[in-house]
Amino acid sequence: MRARMIELSWSGLRVPAIAVELDCSQKTVRCWLHRFNLSDAIRLSIAGLGWSNRVPDRVIA
């Protein structure tokens with residue numbers, strides 16, 4: 001259900017419409033959208049710290 005909330009939000013539906021579509025409260029929808037947005041922001045900030053996802057050259061050689 002959480003993934004569907006995000007999908008509906010991305011497609012342009014507002015919180016009240018998502019709540020009706022999924023038969024849950026607006027508060028629940030807002031809570032999960034907020035948590036998703038927060039976790040996404042954390043991932044983006046970590047990615048900007050200069051951490052590399054590639055294998056160092058010395059490990060490959």
Side-chain angles (χ1 to χ4, degrees):
M1 180 168 75
R2 295 176 208 162
R4 184 75 176 131
M5 286 179 191
I6 294 161
E7 180 183 23
L8 291 171
S9 176
W10 282 351
S11 69
L13 263 63
R14 301 284 184 180
V15 169
I18 296 171
V20 169
E21 175 78 22
L22 299 178
D23 193 28
C24 63
S25 71
Q26 291 182 28
K27 182 178 179 180
T28 299
V29 174
R30 283 190 187 95
C31 174
W32 287 113
L33 290 178
H34 176 74
R35 285 186 185 187
F36 176 79
N37 290 333
L38 183 61
S39 68
D40 199 36
I42 291 170
R43 280 190 298 255
L44 289 174
S45 68
I46 288 173
L49 291 177
W51 296 356
S52 176
N53 290 332
R54 65 182 198 93
V55 179
D57 292 335
R58 67 176 181 267
V59 175
I60 296 172

Quiz prompt | Least distance between heavy atoms, Cys24 atom then Val29 atom | solution = SG-CG2, 3.6 Å
Quiz item: Going by heavy atoms in the side chains, are Thr28 and Ser25 under 4.5 Å from each other?
Solution: yes
Self-check item: Residues in side chain to side chain donor-acceptor pair (under 3.5 Å) contact with Arg30, at least two apart in sequence or another chain
Solution: Gln26
Quiz item: In chain order, what residues pass the side chain to side chain contact (heavy atoms under 4.5 Å, CB included) check against Ile6, with sequence neighbours excluded?
Solution: Trp10, Leu33, Phe36
Quiz item: Please, which pairs that meet ring-ring contact (aromatic ring centres under 6.0 Å, His included) have at least one residue in residues 11-31, sequence neighbours excluded?
Solution: none
Quiz item: By salt bridge (Lys or Arg N to Asp or Glu O under 4.0 Å), which residues pair with Arg4, not counting sequence neighbours?
Solution: Glu7
Quiz item: Roughly how far apart are Leu22 CG and Leu8 CG, rounded to 0.5 Å?
Solution: 5.5 Å
Quiz item: In Å and rounded to the nearest 0.5 Å, what is the CG to CE distance from Leu13 to Met5?
Solution: 12.5 Å
Quiz item: Which residue pairs pass the salt bridge (charged side-chain N to carboxylate O under 4.0 Å, His left out) test with at least one member in residues 8-18, sequence neighbours excluded?
Solution: none
Self-check item: Pairing residues for Glu21 by the salt bridge (Lys or Arg N to Asp or Glu O under 4.0 Å) criterion, not counting sequence neighbours
Solution: none
